[in-house]
Amino acid sequence: MLQLPFIRENKEAVIKRLAVRNIDAKPLIDQVIILDEERRALQTQLDNVLAESNSISKEIGMLFKSGKAEEANALKAKTGDLKESSKTLSEQLNQKADALNQLLYQIPNVPHDSVPSGNTDEDNEEIYKEGEIPQLHSEALPHWELAKKYDIIDFELGNKITGAGFPVYKGKGARLQRALISYFLDKNTEAGYTEFQFPHLVNEASGFGTGQLPDKEGQMYHVTGDNLYLIPTAEVPGTNIFRDVLLNESDLPIGITGYTPCFRREAGSYGAHVRGLNRLHQFDKVEIIRVEHPDNSYNALDSMVNHIKEILKELKLPYRILRLCGGDIGFTSALTFDFEVFSTAQDRWLEISSVSNFETYQANRLKLRFKNKEGKNELAHTLNGSSLALPRVLAGILENYQTEKGIKIPDVLVPYTGFEWID
RNA sequence: GGAGAGGUGGCAGAGUGGUAAUGCAGCAGCCUGCUAAGCUGUCAUCCUUCGGGAUGCCCGGGUUCGAAUCCCGGUCUCUCCGCCA
């Protein structure tokens with residue numbers, strides 16, 4: 001969430017920049033400021049009452065020590081009113097603080113200056129494009145048909161075992177998945193990210209830490225018996241490593257990477273856009289996460305973008321980069337770049353990575369801070385990105401690399417698959 | 001699943017009813033001609049009229065003039081036993 005002092009001091013600018021998201025934040029911000037003032041007034045009142053009763057208590061203690069029990073007992077009588085009013089005041093204070101927090105949770109991150117205004121994904125700004133879109137032969141098929149033809153992904157079997165959206169990868173399909181995971185992790189560790197393996201279930205506190213709870217509860221699978229949630233992305237366990245952490249400035253920057261399966265309920269999705277690998281309830285993803293000094297976080301974002309570009313270039317997949325518009329950018333993000341790979345047989349772009357700078361928005365909730373040069377605690381910046389989400393990369397490879405005699409494996413993956421063709 | 005112990009600042013670690021010691025690390029300053037030491041301040045959060053004040057000892061209640069300390073509920077961690085990849 002946003003920092004209260006920041007809102008207080010930059011009220012107009014915050015409203016103006018939130019307008020890029022097509023929201024009129026003025027009523028919300030106005031109310032935040034009013035509630036904040038009321039809260040501070042109550043706090044001052046309460047502090048005064050408590051100060052008085054503390055000093056009386058101290059006096060009583062001293063009187064008892066020096067054997068003046070009678071005077072002490074007389075003083076006790078004076079505390080009744082103070083107790084009553086401190087109780088009322090602290091109840092009011094709690095109410096105000098809760099109401100204030102409720103409002104703060106509803107305010108999304110302030111978009112970066114470069115974020116274009118706009119309503120939907122149609123207003124996103126294409127900033128880069130690379131790779132040849134191949135001329136496919138006349139018998140070219142979408143990936144779900146290819147998966148069937150070469151018997152590498154079995155969607156029906158997944159239906160039987162679990163339900164729709166839980167495909168079973170078989171033979172060379174399974175091996176190709178594993179190859180992609182290894183390749184991505186190797187690229188990430190070469191770039192300086194430290195490899196982690198995360199829990200795939202997280203507790204409530206972690207869900208709150210990265211903002212999935214309370215708002216997006218319905219998007220996660222909930223294991224009610226133990227009150228745990230299946231992770232929708234490695235961002236959740238990966239970023240919660242830093243919950244309630246105080247770093248030294250010299251610890252920064254931190255870069256970590258990890259592979260996890262991701263579980264998403266995707267309630268309400270249907271139709272052609274969820275065919276095949278396009279949208280799944282369980283999928284694999286390799287994630288990169290960074291914790292940065294505020295002065296360096298946008299450089300870090302650039303370097304993440306460049307890193308992913310390099311991977312896609314090596315895979316020789318046609319892709320483009322979008323700068324997300326205000327209407328499409330995530331709630332917690334200040335600036336997001338999406339990578340999309342072209343699905344030739346479907347004739348559409350598929351999102352395979354989303355790279356974001358959250359600035360202090362996540363860190364504020366997480367209480368992720370570092371000791372700065374003045375020895376003061378300062379919120380760090382967090383960033384993350386997929387590098388990459390597997391199913392749509394796989395879809396892109398299957399469709400773009402298909403030939404009449406089979407599917408050619410991208411050169412860079414052959415050392416990992418051990419075969420050159422799926423045929 | 002059963003039994004026991006425990007949760008105190010960035011870390012370590014005292015404190016069993018009178019209002020959070022001490023050490024280490026960090027930061028700032030002073031001093032000193034050695035890869036360093038010493039001294040002073042600072043070093044959890046909030047409010048502040050910058051004098052201070054309040055909160056904070058896992059979380060939530062309670063007893064008390066006063067709770068880290070006593071009572072109740074919850075939670076997490078550790079140890080042992082059981083089960084087990």
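Values reported hereafter were calculated over all heavy atoms of this structure, with side chains retained and with hydrogens, waters and symmetry mates removed. No experiment lies behind these values; they were computed from the predicted model shown.
The distance from atom CG of A:Asn203 to atom C1' of B:rC58 is 14 Å, rounded to the nearest whole Å. Rounded to an integer number of Å, the gap from A:Leu4 CG to B:rC46 P is 10 Å. The distance from atom CG of A:Asp81 to atom P of B:rC65 is 14 Å, rounded to the nearest whole Å. When the C1' atom of B:rC24 is taken as reference, atom CG of A:Asn248 falls 13 Å away, rounded to whole Å.
Residue A:Leu50 is classed as a sugar-phosphate contact, given heavy-atom separations below 4.0 Å to backbone atoms only. In this structure, A:Asn48 reaches neither bases nor backbone, as no heavy-atom distance under 4.0 Å exists between it and the strands shown. Residue A:Ile60 is in base contact, counting any heavy-atom pair closer than 4.0 Å across all strands shown. Residue contacts for A:Asn372: at a heavy-atom cut-off of 4.0 Å it reaches no nucleic acid atom on any strand shown.
With no hydrogens or angles considered, no side-chain donor-acceptor pair links A:Asn240 and A:Glu235 at under 3.5 Å.
Of the candidates B:rG18, B:rC47, B:rA54, B:rG18 carries the atom nearest the A:Phe64 side chain, counting heavy atoms from C-beta on.
The pair A:Glu378-A:Lys371 does not count as a salt bridge, with every side-chain nitrogen at least 4.0 angstrom from each carboxylate oxygen. We find that A:Lys96 and A:Asp36 are not joined by a salt bridge, their nearest charged nitrogen and carboxylate oxygen being 4.0 Å or further apart.
A syn orientation is assigned to B:rG51, its glycosidic angle lying within 90° of 0.
With P as the reference atom, B:rC34 and B:rG51 are 38 Å apart, rounded to whole Å.
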